[in-house]
Peer 1: 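Sharing a structure with you now.
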Amino acid sequence: MIAAQAKLVYHLNKYYNEKCQSRKAAISKNIREVCKVVSDVLKEVEVQEPRFISSLNEMDNRFEGLEVISPTEFEVVLYLNQMGVFNFVDDGSLPGCAVLKLSDGRKRSMSLWVEFITASGYLSARKIRSRFQTLVAQAVDKCSYRDVVKMIADTSEVKLRIRDRYVVQITPAFKCTGIWPRSAAHWPLPHIPWPGPNRVAEVKAEGFNLLSKECYSLNGKQSSAESDAWVLQFGEAENRLLLGGCRKKCLSLLKTLRDRHLELPGQPLNNYHMKTLVSYECEKHPRESDWDENCLGDRLNGILLQLISCLQCRRCPHYFLPSLDLFQGKPHSGLENAAKQTWRMAREILTNPKSLEKL
């Protein structure tokens with residue numbers, strides 16, 4: 001048993017050093033290329049409208065606010081200033097979303113975003129995004145990369161296609177640090193010893209972002225109040241949870257396997273699903289010793305089996321907001337196809353670790 005486990009870990013490490021590292025290097029190169037263009041576009045936006053200041057800064061070899069969705073698809077979060085005069089309200093009526101309401105009607109004129117405040121006193125995510133979209137469209141025509149970048153039409157999101165190879169979504173957002181949303185108040189679960197009080201305090205201090213984007217949990221039933229709502233996002237908090245042991249290595253293996261074998265019609269699976277399932281696996285295996293290098297094979301198999309189960313049930317709950325289903329709106333045939341493909345892959349890895357050389 002131990003010999004089989006060691007053999008699997010050996011092949012996973014080999015796969016990590018060869019396939020995962022080359023994937024990372026290729027993505028880093030893509031990010032540099034994309035960020036050059038996006039920075040140039042955002043510089044033009046700032047000239048026209050100083051309230052939209054680019055926050056795309058490089059720190060320790062990574063760009064703050066940049067999420068990799070796939071090797072050619074990225075999201076850049078543009079952090080806006082001054083949320084000051086608004087109260088954050090998440091009463092659970094809009095799963096995965098919250099609203100920003102003026103704390104006092106008399107403060108309307110004090111807000112930097114005065115013309116985006118609705119009659120009922122909400123700061124409209126949709127109005128800000130619509131203004132930003134107009135600015136980006138004008139900036140694309142003026143920027144020095146105008147020959148290789150174009151806006152993607154037929155969406156209210158701000159999306160750019162660069163060199164016909166990459167898609168980048170730029171999303172206006174507010175950073176909310178030092179507060180924690182009521183809709184995630186159940187976390188951490190009281191009977192689970194992971195992640196421990198110190199890490200919990202760090203994660204909650206990290207806070208969350210409020211993004212101006214279409215909320216997929218509301219698809220097809222957007223009332224005006226809902227389109228004014230902001231989407232909750234916990235990127236930095238999630239990254240902090242995955243520090244230590246082989247957690248990040250495990251995620252890297254899953255992302256690489258997804259890119260190579262689960263890039264399927266209808267886009268049923270993305271990297272975020274993988275990240276979510278690693279967090280759930282941490283709850284199931286709360287001891288640090290469960291994440292030693294020699295447990296890498298067990299953890300990977302556990303996550304792949306959990307993924308198959310989620311795909312078959314057609315439900316993948318968001319880690320911090322479990323009422324939100326990350327498979328919502330995905331075609332059933334795509335989820336079924338992904339379940340079969342994942343099962344084939346998991347069985348192959350489990351019965352013959354050497355098969356990783358071909359995966």
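Start at 1 with the first residue, then count along the sequence.
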Peer 1: Considering residues at least two apart in sequence or located in another chain, which fulfil the side-chain hydrogen bond (donor to acceptor under 3.5 Å, both in side chains) criterion with Glu18?
Peer 2: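 Scan of Glu18 (side-chain hydrogen bond (donor to acceptor under 3.5 Å, both in side chains), adjacent residues dropped) gives none.
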Peer 1: Looking only at heavy atoms, what is the nearest atom pair of Thr276 and Pro317, with distance?
Peer 2: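 For Thr276 versus Pro317, the nearest heavy atoms are CG2-O, 3.5 Å.
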Peer 1: Using side-chain heavy atoms (C-beta onward) and a distance below 4.5 Å, is Leu12 in contact with Lys249?
Peer 2: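 Leu12 vs Lys249: side chains apart.
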Peer 1: Is it the case that atom CZ in Arg287 sees more than 12 heavy atoms from other parts of the structure closer than 6.0 Å?
Peer 2: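 No.
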Peer 1: List the steps and the verdict of side-chain contact (heavy atoms from CB on, under 4.5 Å) for Leu307 and Met274.
Peer 2: CA-CA 8 Å; Leu307 174 59; Met274 301 304 186; 3.8 Å; yes
Peer 1: Would you indicate whether Lys284, at its atom NZ, is surrounded by more than 12 heavy atoms from other residues, nucleotides or ligands within a distance under 6.0 Å?
Peer 2: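 More than 12 heavy atoms, drawn from other residues, nucleotides or ligands, come within 6.0 Å of this atom.
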Peer 1: Give the intermediate values and the outcome of side-chain contact (heavy atoms from CB on, under 4.5 Å) for residues Thr72 and Arg165.
Peer 2: CA-CA 7 Å; Thr72 57; Arg165 277 218 311 276; 5.7 Å; no
Peer 1: Given the rule in the side-chain hydrogen bond (donor to acceptor under 3.5 Å, both in side chains) test, do Arg126 and Ser212 qualify, once you have shown the distances and angles that lead to the verdict?
Peer 2: CA-CA 7 Å; Arg126 182 181 47 86; Ser212 167; over 6 Å; no
Peer 1: Run the salt bridge (Lys or Arg N to Asp or Glu O under 4.0 Å) check on Asp259 and Arg23 step by step: do they pass?
Peer 2: CA-CA 9 Å; Asp259 289 354; Arg23 172 189 180 270; 2.5 Å; yes
Peer 1: Count the heavy atoms of every other residue, nucleotide or ligand shown that sit under 6.0 Å from CZ of Arg161, and state whether that count exceeds 12.
Peer 2: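 No - once you tally the heavy atoms of other residues, nucleotides and ligands closer than 6.0 Å, there are 12 at most.
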Peer 1: In Å, rounded to the nearest 0.5 Å, how long is the span from CG of Leu78 to CD1 of Ile128?
Peer 2: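 It comes to 10.5 Å.
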Peer 1: Between CG of Leu277 and CD of Glu281, what distance do you get to the nearest 0.5 Å?
Peer 2: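 The distance works out to 9.0 Å.
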Peer 1: What pair of heavy atoms forms the shortest contact from Ile192 to Glu283, and how long is it?
Peer 2: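 Shortest heavy-atom contact: CG2-O, 3.8 Å.
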Peer 1: Can you check whether Tyr79 and Phe174 have ring centres sitting under 6.0 Å from each other?
Peer 2: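 No, too far apart.
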Peer 1: So which heavy atom on Ser39 is nearest to which on Leu56, and how close?
Peer 2: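 Shortest heavy-atom separation between Ser39 and Leu56 comes out as OG-CD2, 3.6 Å.
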Peer 1: Quick one: pull up CD in Glu49 and CZ in Phe52 and give me the separation to the nearest 0.5 Å.
Peer 2: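 Reported to 0.5 Å precision, the distance equals 6.0 Å.
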Peer 1: Compare every heavy atom of Met151 with every heavy atom of Ala137, then report the nearest pair and how far apart it is.
Peer 2: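 Of all heavy-atom pairs spanning Ala137 and Met151, the closest is CA-CG, 4.0 Å.
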Peer 1: As a quick check of understanding, evaluate side-chain contact (heavy atoms from CB on, under 4.5 Å) for Tyr122 and Leu100, giving each step before the final call.
Peer 2: CA-CA 6 Å; Tyr122 293 107; Leu100 290 173; over 6 Å; no
Peer 1: Side chain of Arg258, backbone of Leu269: donor and acceptor closer than 3.5 Å?
Peer 2: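 Checking the backbone N and O of Leu269 against the side chain of Arg258, a donor-acceptor pair under 3.5 Å is found.
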Peer 1: Ring of Phe86, cation from Lys101 - is the NZ or CZ under 6.0 Å from the centre and inside 45° of the axis?
Peer 2: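 Output no; distance or angle outside limits.
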Peer 1: Between Leu296 and Tyr16, is there a side-chain heavy-atom distance shorter than 4.5 Å?
Peer 2: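 Heavy-atom side-chain distance check fails, nothing below 4.5 Å.
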Peer 1: About how many Å separate CG of Leu211 and CH2 of Trp230, when rounded to the nearest 0.5 Å?
Peer 2: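 Atom-to-atom, Trp230:CH2 and Leu211:CG are 9.0 Å apart.
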Peer 1: Salt bridge (Lys or Arg N to Asp or Glu O under 4.0 Å): which pairs involve residues 66-80, sequence neighbours left out?
Peer 2: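 For residues 66-80, and leaving out neighbouring residues, the salt bridge (Lys or Arg N to Asp or Glu O under 4.0 Å) pairs sorted by first residue read Glu75-Lys213.
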Peer 1: Would you kindly confirm whether Leu160 and Ile27 end up in one hydrophobic cluster when ILVMFWY residues are joined by side chain heavy atoms under 4.5 Å apart?
Peer 2: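 Linked, Leu160 and Ile27 end up in one cluster.
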Peer 1: What heavy-atom pair brings Trp180 and Gly207 nearest, and what distance separates the two atoms?
Peer 2: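 Nearest heavy atoms, Trp180 then Gly207: CZ3-O, 4.0 Å.
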Peer 1: Does the distance from a Lys or Arg side-chain N to an Asp or Glu carboxylate O, for Glu115 and Arg131, drop under 4.0 Å?
Peer 2: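 Looking at Glu115 and Arg131, the cut-off is not met.
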Peer 1: Do Lys36 and Glu33 sit within salt-bridge range, that is, some charged N less than 4.0 Å from a carboxylate O?
Peer 2: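 The answer is no: the pair does not qualify as a salt bridge.
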Peer 1: Between Glu58 and Arg32, is the closest basic N to carboxylate O distance under 4.0 Å?
Peer 2: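 Salt bridge between Arg32 and Glu58, a charged N being under 4.0 Å from a carboxylate O: yes.
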Peer 1: Stepwise, does the side-chain hydrogen bond (donor to acceptor under 3.5 Å, both in side chains) test hold for Asn294 with Gln5?
Peer 2: CA-CA 8 Å; Asn294 59 354; Gln5 203 178 19; over 6 Å; no
Peer 1: Between Phe116 and Arg51, does a side-chain contact (heavy atoms from CB on, under 4.5 Å) hold up when you go through it step by step?
Peer 2: CA-CA 13 Å; Phe116 305 110; Arg51 286 180 296 182; 3.8 Å; yes
Peer 1: Apply salt bridge (Lys or Arg N to Asp or Glu O under 4.0 Å) to residues Lys150 and Asp164 and explain how you reach the verdict.
Peer 2: CA-CA 9 Å; Lys150 52 176 178 284; Asp164 282 330; 3.2 Å; yes
Peer 1: Would you indicate whether the side-chain heavy atoms of Met345 and Leu359 approach each other to under 4.5 Å?
Peer 2: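 Touching, per the 4.5 Å side-chain cut-off.
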Peer 1: Taking the basic N atoms (NZ, or NE/NH1/NH2) and the acidic carboxylate oxygens, is any pair closer than 4.0 Å for Glu214 and Lys159?
Peer 2: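 Answer for the salt bridge query: no.
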Peer 1: Within this structure, what is the CG-NZ distance for the pair Asn239 and Lys275, rounded to the nearest 0.5 Å?
Peer 2: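 Result: 3.5 Å between the selected atoms.
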Peer 1: Under 4.5 Å between any side-chain heavy atoms of Leu241 and Tyr319, yes or no?
Peer 2: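 Touching, per the 4.5 Å side-chain cut-off.
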Peer 1: Start with the C-alpha gap between Glu46 and Lys43, add the side-chain angles, then the distance that decides, and say whether salt bridge (Lys or Arg N to Asp or Glu O under 4.0 Å) holds.
Peer 2: CA-CA 5 Å; Glu46 205 179 312; Lys43 226 178 268 154; over 6 Å; no
Peer 1: With Phe320, which of Phe234, Phe208, Tyr280 fulfils ring-ring contact (aromatic ring centres under 6.0 Å, His included)?
Peer 2: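 Answer to the ring-ring contact (aromatic ring centres under 6.0 Å, His included) test with Phe320 among Phe234, Phe208, Tyr280: Phe234.
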Peer 1: Under the criterion salt bridge (Lys or Arg N to Asp or Glu O under 4.0 Å), I'd like the reasoning laid out for Glu64 against Lys175: C-alpha separation, chi angles, the key distance, then a yes or no.
Peer 2: CA-CA 12 Å; Glu64 195 193 1; Lys175 197 189 256 296; 3.7 Å; yes
Peer 1: Would you call Glu44 and Lys142 a salt bridge, taking side-chain N to carboxylate O under 4.0 Å as the test?
Peer 2: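 Looking at Glu44 and Lys142, the cut-off is not met.
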Peer 1: Any heavy-atom pair between the side chains of Ser279 and Leu242 that's under 4.5 Å?
Peer 2: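 Sidechains of Ser279 and Leu242: in contact.
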Peer 1: Tell me the closest heavy-atom pair linking Glu293 and Cys246, and the distance in Å.
Peer 2: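 Heavy atoms of Glu293 and Cys246 come nearest at OE2-CB, 4.1 Å.
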Peer 1: Nearest 0.5 Å please: distance from the OG1 atom of Thr118 over to the NZ atom of Lys127.
Peer 2: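 The distance works out to 6.0 Å.
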